[in-house]
There are 2 protein chains.
Amino acid sequence: MNQVEVFKALGNKNRLQILTWLKDPEQHFIDYTPACKDVDVGVCVGHIHKKSGLTQSTISEYLAVLHRVGLVSATRIGQWTYYKRNEETISALGNLIDTI
Amino acid sequence: MNQVEVFKALGNKNRLQILTWLKDPEQHFIDYTPACKDVDVGVCVGHIHKKSGLTQSTISEYLAVLHRVGLVSATRIGQWTYYKRNEETISALGNLIDTI
DNA sequence: AATATATATCGATAATTCCCGATATACCTA
DNA sequence: TAGGTATATCGGGAATTATCGATATATATT
């Protein structure tokens with residue numbers, strides 16, 4: 001994990017917001033339904049986009065940033081890409097704070 | 001604590017480095033001696049400046065950033081300003097990660 | 001193959017950050 | 001008060017980031 005890059009990724013109100021939305025998709029995304037029965041793959045770009053008020057390209061870019069630093073996972077299913085919090089990385093970050 | 005601002009402050013290699021140096025002044029600063037017998041006030045700007053390889057103004061600015069977001073305390077004694085890690089804020093940040 | 005939809009990427013501009021040198025301010029000592 | 005040292009602030013150029021609209025790519029449907 002690249003500490004500096006992770007902190008940069010978190011140093012943006014909108015990206016931080018997305019991460020918290022992803023904590024509880026049912027609560028934050030009106031028309032959310034899980035894409036898979038058995039595996040939780042998260043929320044598709046379009047839902048996040050609609051909720052955000054930002055453009056589609058910006059949201060796509062932000063999700064790519066969060067993915068690049070490992071804060072979310074990405075799963076392509078058909079024409080949708082679903083993003084989901086990577087809790088391992090997030091809690092690892094919590095521990096890492098102690099080593100700073 | 002302003003989350004976004006704290007993450008921005010940490011999203012810089014040099015500021016992160018300074019924070020880790022301040023963890024153990026004896027180890028990282030050759031000619032370090034505590035400024036006070038009874039209270040630990042940390043390390044003065046000049047020492048950090050010399051070790052960093054960056055200019056005095058940049059270091060002063062970086063320390064101001066870290067101070068503004070609460071990651072370090074600042075103590076002026078005579079003509080020196082001493083900066084010290086604010087462990088409370090840092091561990092609070094660790095907890096805050098869980099709420100992200 | 002043609003079209004429609006979802007997402008990703010490209011190119012651009014404005015805003016912000018990085019980092020500098022120069023200068024100002026604060027404090028100390030003589 | 002004058003001069004010296006430590007730190008802070010100012011002004012600026014280069015680099016990066018934020019965010020957009022336009023376009024490309026991938027997938028699905030007919």
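To find a chain, count down the sequence lines: A is the first, B the second, and so on, and within it residues start at 1.
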query: What integer distance in Å separates Ile77(A):CD1 from dT27(D):P?
result: 13 Å
task: Please confirm whether any donor atom in the side chain of Gln56(B) sits under 3.5 Å from an acceptor in the base of dA8(D), or the reverse.
output: yes
query: NA contact type, Tyr83(B), heavy-atom cut-off 4.0 Å: base, sugar-phosphate, or nothing?
result: sugar-phosphate
task: Find which nucleotide of DNA chain C each of Cys44(A) and Lys8(A) is nearest to by heavy atoms, and output the residue with the more 5' nucleotide.
output: Cys44(A)
field: Exam field: side chain Arg15(B) to backbone Ala9(B), donor-acceptor pair closer than 3.5 Å
entry: yes
Nearest-nucleotide pick for Thr55(A), side chain only, options being dT7(C), dG21(D), dC10(D): dG21(D)
- prompt: Atom CG in Asn14(B), atom CD1 in Ile18(B): separation rounded to 0.5 Å?
  reply: 6.5 Å
message: Please classify the nucleic acid contact of Ser57(B) as base, sugar-phosphate, or nothing, using heavy-atom distances under 4.0 Å.
response: base
- line: When rounded to whole Å, the CG to C1' distance for the pair Asn12(B) and dC18(C) reads 8 Å
Length of the line joining Glu61(B):CD and dC10(D):P, which is rounded to integer Å: 10 Å
field: Arg76(A) CZ - dT5(C) P separation (whole Å)
entry: 16 Å
query: Does His47(B) or Gly78(A) map to a spot on DNA chain D nearer the 5' end, using the closest nucleotide for each?
result: His47(B)
- request: Figure out the CG/C1' separation between Leu54(A) and dA18(D), and round it to whole Å.
  value: 10 Å
Closest approach of Glu26(B) to Tyr32(B) (non-hydrogen atoms, all atoms of both residues): OE2-CE2, 3.7 Å
- prompt: To the nearest 0.5 Å, how far apart are NE2 in His47(B) and NE2 in His28(B)?
  reply: 14.5 Å
- request: Nearest whole angstrom, please: distance from the P of dT9(D) to the NE2 of His49(B).
  value: 17 Å
statement: Quick note, Tyr62(B) side chain, CB onward, closest among dA8(C), dT7(D), dC19(C) is dC19(C)
task: Could you check which of dC19(C), dT7(C), dA8(D) has an atom nearest any side-chain atom of Ser60(A)?
output: dT7(C)
- prompt: Among dA8(D), dC19(C), dT17(C), which nucleotide sits nearest the side chain of Thr58(B)?
  reply: dC19(C)
- prompt: Separation of Arg68(A) atom CZ from dT16(D) atom P, in whole Å?
  reply: 14 Å
task: Between dT7(D), dT7(C), dA18(D), spot the one nearest the side chain of Trp80(A), thanks.
output: dT7(C)
task: Treating Ile, Leu, Val, Met, Phe, Trp and Tyr as nodes and any side-chain heavy-atom pair under 4.5 angstrom as an edge, say whether Leu19(A) and Trp21(A) lie in one connected cluster.
output: yes
field: Any N/O donor-acceptor pair, Gln79(A) side-chain to dT7(C) base, under 3.5 Å
entry: no
message: Could you tell me how far apart Tyr82(B) (OH) and dC27(C) (C1') are, to the nearest whole angstrom?
response: 12 Å
